[in-house]
Amino acid sequence: MKNYHRKVRDIHLYAGLFISPFILVFSISAIILNHNFIQWQENWEEWTFSVDDVVDESVKFKLRSIAKTKIEYAKDILEQLNVKGEISNIFGDSIKLYIPVTKPGYRISIKADLLSGIAYIHSEKVSFWKKLIWLHKMPGPHNAIIRGNWTKTKFWSSLVDLSVICLLLTSVTGVILWYSFKGERYLGLIALFIGFISIVSLIVGLSV
Amino acid sequence: MIDVNKVNEKHTLLLDIMNQLNLKGSVVNLRYSSDSLHLNFIVTKPGVRFDIQAGLNDGKVLIKKTKLDKWAVLRALHTLRNPTPQEQGERYQPLLAYLWSLSLDIVSVGLIIVCIGGWLMLFQITRRRFYIGLFSLAGGFMFCIYLLFL
């Protein structure tokens, strides 16, 4: 029993400590998103096509026809331009392609001229708070077909899965540890009951 | 069919229509149709969404009700938040939705306190467990810093 208790305590401690920085990222960004402390809702059209107004750099690229899908085509262009980041969307036709790219701290607007083989790039820095929001929302449910097209996004997505598993482990082990402390049972039960009733009544109330 | 008082301003008209239809929920995308004959808006609440088209001349209301599955309910709760200043005019926050967003704040602040409390308690345990704990904490920080700054 003592050995079992020690194992539960260790899982709680180490899993909890590992996920604490992730929890900070999600908690701080949740407060920002909830209260709109910064203008986080992007005007996507405005910045996707911002390269039409401001060009920081123009780079030549080779047109290859081996790419099967639009996303593979866009990834190939990005590789040639040495631009790294998550492709948010792809707009365009057989003449030009607009590729908005995001990564923590940056948003990049790319226009690839498919006739001349020249790509125009406009890059903007964003604030630290928007970096947190980027992590909070990535990869997200929008444009699910192409999301997770950057290695770092895939990596982050796996880390989020891992941190959620650790959070569940920490919660379950927390309840087990609380139950084993007889002196804390009464107050803990009240806290657990209040939390449970609050969430159930809010969900039911909002759904009626 | 409802009574439409066209003299009313857009938002007053919306509230009036919602009262007559006995609809509750957050309102989004409030707009007149291009011919100004209809007032269109969406009312959402966890589990259900109503697309409303109210005829301003004839008082005829078209309601499209879409029932959402449990995952959509969870998603609606996950993204329910306070309206932005731009949305204030067209997004009506029922009291329960306000309470939900308040509870999001409480949970977020609570989690931050739990994290900081956990770090402080790390100093009270045995040396061996302290170092393993520090290693776990450093691992978590390393990943976050890598993604945020590198």
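Chain letters run A, B, ... following the sequence lines, proteins first and then strands; every chain starts at 1. Bear in mind that the values here come from a model prediction, so they are computed numbers and not experimental data.
Heavy atoms of other residues, nucleotides or ligands lying less than 6.0 angstrom from CZ of Phe91(A) number more than 12. The environment of CD in Glu184(A) is sparse: at most 12 heavy-atom neighbours from other residues, nucleotides or ligands sit within 6.0 Å. For Leu37(B), the CG atom counts as densely surrounded, since its 6.0 Å shell holds more than 12 non-hydrogen atoms of other residues, nucleotides or ligands. Heavy atoms of other residues, nucleotides or ligands lying less than 6.0 angstrom from CZ of Phe61(A) number more than 12. Atom CD1 of Ile190(A) sits in a crowded spot, with more than 12 heavy atoms from other residues, nucleotides or ligands closer than 6.0 Å. A 6.0 Å sphere centred on NZ of Lys70(A) holds more than 12 heavy atoms belonging to other residues, nucleotides or ligands.
The most heavy-atom pairs under 4.5 Å with chain A, out of Ile132(B), Val114(B), Val109(B), Ile116(B), come from Ile132(B). Chain B forms more heavy-atom pairs under 4.5 Å with one residue of Val25(A), Asp10(A), Ile28(A) than with any other, namely Asp10(A). By number of non-hydrogen pairs under 4.5 angstrom with chain B, the leading residue of Ser20(A), Ala30(A), Ser198(A) is Ser20(A). Across Ile106(B), Asp105(B), Val48(B), the residue that shares the most heavy-atom pairs under 4.5 angstrom with chain A is Asp105(B).
Note that the CG atom of Leu137(B) and the CG atom of Leu13(A) stand 10.0 Å from one another [nearest 0.5 Å]. Summarising the geometry, atom CH2 belonging to Trp119(B) is positioned 9.5 Å from atom CG belonging to Leu17(A); distances are rounded to the nearest 0.5 Å. A distance of 8.0 Å separates SG in Cys144(B) from CG in Leu24(A), rounded to the nearest 0.5 Å. For the atom pair Ile19(A) CD1 and Cys115(B) SG, the distance stands at 7.0 Å (nearest 0.5 Å). The OG atom of Ser101(B) sits 12.0 Å away from atom CD1 of Ile31(A), with the distance rounded to the nearest 0.5 Å.
The two atoms that bring Pro21(A) and Phe141(B) nearest to each other are CG-N, 3.4 Å, heavy atoms only. Closest approach of Tyr146(B) to Lys152(A), counting heavy atoms only: OH-CE, 3.4 Å.
Using the six-membered ring where Trp is involved, Phe155(A) and Phe143(B) have ring planes that are perpendicular, over 60° apart on the 30 and 60° scheme.
With a 4.5 Å cut-off on side-chain heavy atoms, Leu159(A) and Leu147(B) count as touching. Taking the side chain as every heavy atom from C-beta outward, Leu33(A) and Leu104(B) never approach each other to under 4.5 Å. Using a 4.5 Å cut-off on side-chain heavy atoms (C-beta onward), Leu148(B) and Phe128(A) make contact.
Residue Leu162(A) does not touch chain B at all, counting heavy-atom pairs closer than 4.5 Å.
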